[in-house]
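Below is one structure, written out as structure tokens; the observations come after it.
Scope of the values below: all heavy atoms of this structure, side chains included, with no hydrogens, waters or symmetry mates. These figures come from a predicted structure and were not determined experimentally.
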Amino acid sequence: MRSGESLQRRPRWLSALAHGLAWLLVVLAVGPALWLMIVAFQPPRTDLDSVSGFSLVNFATAWTDGKLLWPMVNSFLVTLARAGLNVLIAALAAYPLARMKFRGRETLFVLLLGTMMIPEQVLVVPMFKTIAQLGLYDTLAAVVLPLAVTAFGIYLCRQAFLAIPDEVEEAARIDGAGPLRIWWSVFLPLIQPTLATLAIFSVIGAWSDLLWPLIVLQSRDNFTLPVALAGLMGQFSTNVRAAYAGSVIAMAPVVLFFVVAQRLFRPELMAGSVKG
């Protein structure tokens, strides 16, 4: 009996168990967000015991009374800057670590990976002191600059660069392209799925970041959306559904971005780049 046939004939109870566990994980992941949406669309009430009816009043209340316009604009600016810088700088830093040979390259990469082991809470104090000394406290730049690039992003791009055949780079050099030209015109298009993955992680991380903006932002005009949402539970203590509606408003742009970014996942990009 072939190994493939034995795998296809696995017991039904095992397949049922695997499917059951998969659905359980889906419920645990999606369930809270789905419940949040259901409650947000209910008519305004103080308690959450009953779920009935349909209303958009909570969203209007959260948007107007919660004054979420400027926090959303600030979040868009911060997310765009952080995600864009993370993708750009990570790709720039990963290229020499993957394709150029120089002394200490592997040691530098190991040290870079070691920074991923440091908890974010440990870095808060030195980051805050640096921001204060630069005079950037209570500015959007203070939210963007310290987190403009991540070691994970550099690692992700480096592994993608290593997967590109050497023949591709050699052909570009024969055509007279320099390192920067090869990086921009040849390598970046080939690792587009990796860049899309990094962009998604960067957007989600920047959009939902609460700890660091809460520390470095003081003026309400500079609040990002998570910081503004953190105060809605106290503001709408008599109608917690409005606070939930604010959370649903905050989720919508990320979901939309993920749907759009899925089109960039094209693993066939390198197919045919090297002829046999």
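For Ser55 (side chain) and Val57 (main-chain N/O), a donor-acceptor pair under 3.5 Å exists by modelled atom type. Distance alone, capped at 3.5 Å, is enough to place a donor-acceptor pair between the Asn86 side chain and the Thr150 backbone. Judged by distance alone, with hydrogens and angles left aside, the side-chain atoms of Gln192 form no donor-acceptor pair with the main-chain N or O of Leu188 at under 3.5 Å. Asn58 places a side-chain N or O within donor-acceptor distance of the main-chain N or O of Gln42, the cut-off being under 3.5 Å.
Applying the ring pair (Phe, Tyr, Trp, His ring centres under 6.0 Å) criterion to Trp207, with sequence neighbours excluded, gives Phe76. In this structure Phe59 satisfies the ring pair (Phe, Tyr, Trp, His ring centres under 6.0 Å) test together with Phe41, sequence neighbours excluded. By the side-chain hydrogen bond (donor to acceptor under 3.5 Å, both in side chains) test, Ser15 pairs with Arg10, sequence neighbours left out. For Val27, there are no side chain to side chain contact (heavy atoms under 4.5 Å, CB included) partners at least two apart in sequence or on another chain. With sequence neighbours excluded, the residues satisfying salt bridge (Lys or Arg N to Asp or Glu O under 4.0 Å) with Asp166 are Arg99. Here Arg181 pairs with nothing under the salt bridge (Lys or Arg N to Asp or Glu O under 4.0 Å) rule; sequence neighbours left out. The ring pair (Phe, Tyr, Trp, His ring centres under 6.0 Å) search around Phe201 returns Phe152, not counting sequence neighbours. In this view, Glu170 satisfies the salt bridge (Lys or Arg N to Asp or Glu O under 4.0 Å) rule with no residue, not counting sequence neighbours.
A distance of 14.0 Å separates CG in Leu225 from CH2 in Trp70, rounded to the nearest 0.5 Å. Between atom CG of residue Asp138 and atom CG of residue Asn222 there is a gap of 5.0 Å, rounded to the nearest 0.5 Å. Interatomic distance, CG of Leu210 versus CG of Leu229, reported as 9.0 Å (0.5 Å rounding). Distance SG/Cys157 to CH2/Trp183: 9.5 Å, rounded to 0.5 Å. Taking CH2 from Trp63 and CG from Leu69, the interatomic distance works out to 5.0 Å, rounded to the nearest 0.5 Å. Rounded to the nearest 0.5 angstrom, Ser247 OG and Leu232 CG are separated by 7.0 Å.
The salt bridge (Lys or Arg N to Asp or Glu O under 4.0 Å) analysis of residues 198-211, with sequence neighbours excluded, yields the pairs Arg82-Asp209.
No option in Thr194, Leu97, Ile191 other than Ile191 meets the side chain to side chain contact (heavy atoms under 4.5 Å, CB included) test with Phe161.
Closest non-hydrogen pair, Asn74 versus Thr224, comes out as CB-CA, 4.4 Å. Across all non-hydrogen atoms, the minimal contact from Met251 to Leu36 is CE-CD2, 4.2 Å. Across Tyr95 and Ile182, no two heavy atoms sit closer than the pair OH-CG2, 4.0 Å. Closest non-hydrogen pair, Ala98 versus Leu162, comes out as O-CD2, 3.4 Å. Closest of all the heavy-atom pairs between Leu198 and Gly153 is CD1-CA, 3.5 Å. Considering every non-hydrogen atom in both Leu136 and Ala142, the closest pair reads O-CB, 3.2 Å.
Proximity of Trp184 to Pro189: side-chain heavy atoms (C-beta onward) are nowhere separated by under 4.5 Å. Between Leu85 and Val149 there is no side-chain heavy-atom pair separated by less than 4.5 Å. Residues Ile249 and Met72 have side chains in contact (heavy-atom distance under 4.5 Å, counting atoms from C-beta outward). Side-chain contact between Ser75 and Pro226: present, with at least one pair of heavy atoms (C-beta onward) separated by less than 4.5 Å. Looking at heavy atoms from C-beta onward, Glu169 lies in side-chain contact with Phe187 at the 4.5 angstrom threshold.
No continuous path of ILVMFWY side-chain contacts below 4.5 Å connects Trp35 to Val255, so the two sit in separate hydrophobic clusters. The same ILVMFWY cluster, assembled from side-chain heavy atoms under 4.5 Å apart, contains both Leu134 and Val216. A continuous path of ILVMFWY side-chain contacts below 4.5 Å connects Met37 to Phe54, so both sit in one hydrophobic cluster. Leu80 is not connected to Leu217 by any chain of hydrophobic side-chain contacts under 4.5 Å among Ile, Leu, Val, Met, Phe, Trp and Tyr, and they are in different clusters. Cluster membership for Ile174 and Ile164, using ILVMFWY side-chain heavy atoms within less than 4.5 angstrom, is not shared.
The hydrophobic cluster containing Leu24, built from Ile/Leu/Val/Met/Phe/Trp/Tyr side-chain heavy atoms closer than 4.5 Å, also comprises Leu28. Connectivity analysis of hydrophobic side chains (ILVMFWY, heavy atoms under 4.5 Å, direct or indirect) links Leu25 to nothing; its cluster partners are none.
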Apply the test side-chain contact (heavy atoms from CB on, under 4.5 Å) to residues Leu92 and Ile89: give CA-CA distance (whole Å), side-chain angles for both, the deciding distance (0.1 Å), then the verdict. CA-CA 5 Å; Leu92 273 171; Ile89 299 177; 5.5 Å; no

I'd like to know whether Phe257 forms a side-chain contact (heavy atoms from CB on, under 4.5 Å) with Ile204, so could you lay out the CA-CA distance, the side-chain angles of the two residues, the decisive distance to 0.1 Å, and finally the verdict. CA-CA 9 Å; Phe257 171 78; Ile204 294 176; 6.0 Å; no

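A 6.0 Å sphere centred on OH of Tyr155 holds no more than 12 heavy atoms belonging to other residues, nucleotides or ligands.
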Which donor-acceptor pairs under 3.5 Å do the side chains of residues 105-133 make with protein atoms, sequence neighbours left out?
| unit_1 | atom_1 | unit_2 | atom_2 | d |
| --- | --- | --- | --- | --- |
| Arg105 | NH1 | Met100 | O | 2.8 |
| Thr115 | OG1 | Leu112 | O | 2.5 |
| Thr130 | OG1 | Pro126 | O | 2.8 |

